Visitor: 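Provided herewith is a single structure, encoded as structure tokens, for subsequent inquiry.
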Number of protein chains: 2
Amino acid sequence: MSTLNYLSHRTLGQSQYGKLAMALRERIVQGEWKPGEPISSESLLAQSYGVALGTIRQALALLVEDGVLQRRHGKGTFVSKGMSGTPMLRFFRFSGFDESSEPPSSHILSSRLRSSSAQEISAFGQNSHNSPPQVIQLERLRSIGQVPRLLETIVLPLPLFGPLAEMSTDLWDDQLYPMYQVRCGVSIQHAQDSLSFSQLNGTQAKRLHLASGHPCVLVERQAFDLAGRCVELRTTRGDAHSFRYTAQVR
Amino acid sequence: MSTLNYLSHRTLGQSQYGKLAMALRERIVQGEWKPGEPISSESLLAQSYGVALGTIRQALALLVEDGVLQRRHGKGTFVSKGMSGTPMLRFFRFSGFDESSEPPSSHILSSRLRSSSAQEISAFGQNSHNSPPQVIQLERLRSIGQVPRLLETIVLPLPLFGPLAEMSTDLWDDQLYPMYQVRCGVSIQHAQDSLSFSQLNGTQAKRLHLASGHPCVLVERQAFDLAGRCVELRTTRGDAHSFRYTAQVR
DNA sequence: GAGTGGTCTAGACCACGAC
DNA sequence: TCGTGGTCTAGACCACTCT
């Protein structure tokens, strides 16, 4: 499975290129090279670390596989800008929407601050030594061509997302992940989505213009930044009849 | 995502290692090395093709990424045995079942021969020059601890699966893919599953001991052999409330 | 033309597995 | 001990991108 190597979490202290990959990853996480920027060239890196070109290339290959780096022939090796677009829609097929059509619009229904639940403290790795850790909780509705399609609950840890707590929700962008990057310096690198089946309660149904009890698909997402920290919890609900997902099995 | 390179379908005539990978893949498809067997060693291959070791290694890496080969340090490089186990269950979480418990049992409810639909002819690439191409269609129920859980419709093309057409369904194994290999020489290498939401009709509901109209998840699978041919179409239905699937997003 | 990553070579030595 | 794949070296030349 090309499933993932999270280098920092694995026993890659074995080989030289594994150690190099960890070292380079650390330099990226520390912000020495920012998302979208090129890192040093292979030859420079090889020289500065005192190893052969092929060894550096193996290290870079690991980071490319992890999605941290992207290589462009003739240009350089770049730090990935992270997830963008509207990846949540990959789970649904709504009539009147395809890849080429206008992107969905989004509307923040509510926003508030509250104390973290135990589960959130655990997921976010918040330290509760001093004061009880806080989170921002949002309700968000995403529409395609004026029709409400997805209802989301989003939880963001403080103080990391402090800049957003003070912003009027009218000013929030339609796309959250690029906004996280710009406002908070948080680059979402990957996510884990857990899908299950449920039914809409009365409030949820009203938001989506469906009947109470209508079948829905529930997507529970954990999103992670460059350093591998979980920095967003999100639950998304959409009409089960619009659900369509394709998976490659091997 | 490490999404897939199907070498034979891509423009890999460019590099030497791409061509080598195609050549090796062809030798495997032709049966020179069978699933589970080791291929020649790297050094032998490099020698016989007159290239450097590193070049052969790049070619092998492509085939490993495609799931055709598996490398074992100190032992050799082996032709993959293909998919096995019970991959369909990865979409469901049934109470009383986990990875370590007993595998599900299966029961063939019916089996018949019929002419291919236009869609099946297209999927299987059957040639209808001479006689109308035939398929085997099965209904199959999979149970966990005496409780029926999954209802499947399976379509297999003739003449490829001819040996199965003449077997009593009592003799069919619980695991189909290993049986395809043994009886028909067909090695299932990968599959594409398309998931959607539906509701059980009366007949289906009765089989699964659920109410008519009960929500279900529908899995439509196309399974492919070593040569990349589609050789099985399968639709699986299971209780939507037991549906649970986790996907990595990048 | 200069700089980047991509391909390829011809070696060396290491780590694992089987005998 | 031997054969396997895994790591690493120190080069060469090619292909792409920008100026």
Side-chain angles (χ1 to χ4, degrees), chain A residues 2 5 7 10-25 27-28 32-34 36-81, chain B residues 2 5 7 10-25 27-28 32-34 36-81:
Chain A
S2 106
N5 322 326
L7 304 177
R10 274 178 49 171
T11 54
L12 286 184
Q14 315 146 1
S15 56
Q16 200 169 347
Y17 70 83
K19 291 175 196 161
L20 281 172
M22 287 194 297
L24 291 170
R25 184 181 238 271
R27 291 174 72 176
I28 294 164
E32 181 170 338
W33 301 296
K34 299 208 178 336
E37 291 178 4
I39 67 170
S40 304
S41 70
E42 296 178 344
S43 49
L44 265 178
L45 289 171
Q47 202 175 342
S48 62
Y49 282 103
V51 300
L53 247 179
T55 305
I56 279 290
R57 288 183 60 81
Q58 284 189 85
L60 297 180
L62 285 181
L63 296 174
V64 167
E65 197 186 344
D66 263 19
V68 175
L69 291 179
Q70 296 176 336
R71 321 196 67 170
R72 298 181 211 160
H73 192 169
K75 299 189 69 174
T77 302
F78 296 76
V79 178
S80 168
K81 283 189 173 175
Chain B
S2 88
N5 324 324
L7 305 176
R10 272 179 51 171
T11 55
L12 286 184
Q14 313 147 1
S15 55
Q16 201 169 347
Y17 71 82
K19 290 175 197 163
L20 281 172
M22 287 194 297
L24 291 171
R25 185 182 238 272
R27 292 174 71 175
I28 293 164
E32 181 170 338
W33 300 296
K34 301 211 176 335
E37 292 178 3
I39 67 172
S40 304
S41 70
E42 296 179 346
S43 49
L44 265 179
L45 289 171
Q47 201 174 343
S48 62
Y49 281 103
V51 299
L53 245 179
T55 305
I56 279 290
R57 287 182 61 81
Q58 284 188 85
L60 296 181
L62 285 180
L63 296 174
V64 168
E65 199 185 343
D66 264 20
V68 175
L69 291 179
Q70 296 176 336
R71 320 195 68 169
R72 297 181 211 159
H73 194 171
K75 299 190 68 176
T77 303
F78 296 76
V79 179
S80 167
K81 283 188 173 175

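What you see is a predicted model, and the numbers here were worked out from it, not measured in a lab. These values consider heavy atoms only, across backbone and side chains, with no hydrogens, waters or symmetry-generated copies. Labels below follow one simple rule: chain letters A, B, ... track the order of the sequence lines, proteins then strands, and each chain is numbered from 1.
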Visitor: side-chain contact (heavy atoms from CB on, under 4.5 Å) with B:Lys75: which residues, sequence neighbours excluded?
Guide: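 B:Lys75 satisfies side-chain contact (heavy atoms from CB on, under 4.5 Å) with B:Arg72, B:Phe78 once adjacent residues are dropped.
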Visitor: To the nearest Å, give me how far apart CZ (A:Arg72) and C1' (D:dC18) are.
Guide: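 Those two atoms, CZ and C1', are 14 Å apart.
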Visitor: Rounded to whole angstrom units, what separation is found between the CD1 atom of A:Ile39 and the C1' atom of C:dG3?
Guide: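 Taking CD1 of A:Ile39 and C1' of C:dG3, I get 15 Å after rounding.
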Visitor: I want to check one thing: is the phosphate of C:dG3, taken as OP1 and OP2, less than 4.0 Å away from some side-chain N or O of A:Ser41?
Guide: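 Result: no.
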Visitor: Once you round it to whole Å, what is the distance between C1' of C:dG6 and CZ of A:Arg71?
Guide: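 Rounded to whole Å, this separation is 8 Å.
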Visitor: Between D:dG5 atom P and B:Leu60 atom CG, what is the distance in whole Å?
Guide: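 Rounding to the nearest Å, CG of B:Leu60 and P of D:dG5 are 8 Å apart.
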Visitor: First locate atom CG of A:Leu53, then atom CD of A:Gln47, and finally report the distance between them rounded to the nearest 0.5 Å.
Guide: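 A:Leu53 atom CG to A:Gln47 atom CD measures 10.0 Å (nearest 0.5 Å).
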Visitor: What is the distance, rounded to the nearest whole Å, between atom CD of B:Glu42 and atom C1' of D:dT7?
Guide: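 From B:Glu42 CD to D:dT7 C1': 11 Å.
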Visitor: Has A:Arg57 got a side-chain N or O lying under 4.0 Å from the OP1 or OP2 atom of C:dG5?
Guide: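 Indeed not, no polar side-chain atom of A:Arg57 lies that close.
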Visitor: Treating primed atoms plus P, OP1 and OP2 as sugar-phosphate and everything else as base, which nucleotides of nucleotides 8-19 of chain C get B, S or - for protein heavy atoms under 4.0 Å?
Guide: SB-----BBSS-
Visitor: Does any non-hydrogen side-chain atom of A:Leu20 lie less than 4.5 Å from one of A:Leu45?
Guide: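 Heavy-atom side-chain distance check fails, nothing below 4.5 Å.
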Visitor: Go through the structure and list residues passing side-chain contact (heavy atoms from CB on, under 4.5 Å) with A:Ser43, not counting sequence neighbours.
Guide: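 Result, side-chain contact (heavy atoms from CB on, under 4.5 Å) vs A:Ser43: A:Ser41.
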Visitor: So which pairs with a foot in residues 38-50 of chain A pass salt bridge (charged side-chain N to carboxylate O under 4.0 Å, His left out), sequence neighbours left out?
Guide: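 The answer is A:Glu42-A:Arg57, A:Glu42-A:Arg71.
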Visitor: Please report, rounded to the nearest Å, how far the C1' atom of C:dG5 is from the CD atom of A:Gln70.
Guide: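 In whole Å, C:dG5 C1' lies 14 Å from A:Gln70 CD.
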Visitor: Applying side-chain hydrogen bond (donor to acceptor under 3.5 Å, both in side chains), can you list everything that pairs with A:Arg27, at least two apart in sequence or on another chain?
Guide: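 Expected list: A:Glu32, A:Tyr49.
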Visitor: Measure the distance from CG on B:Leu45 to P on D:dT4 and round it to the nearest whole Å.
Guide: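 Checked: the CG to P distance equals 10 Å.
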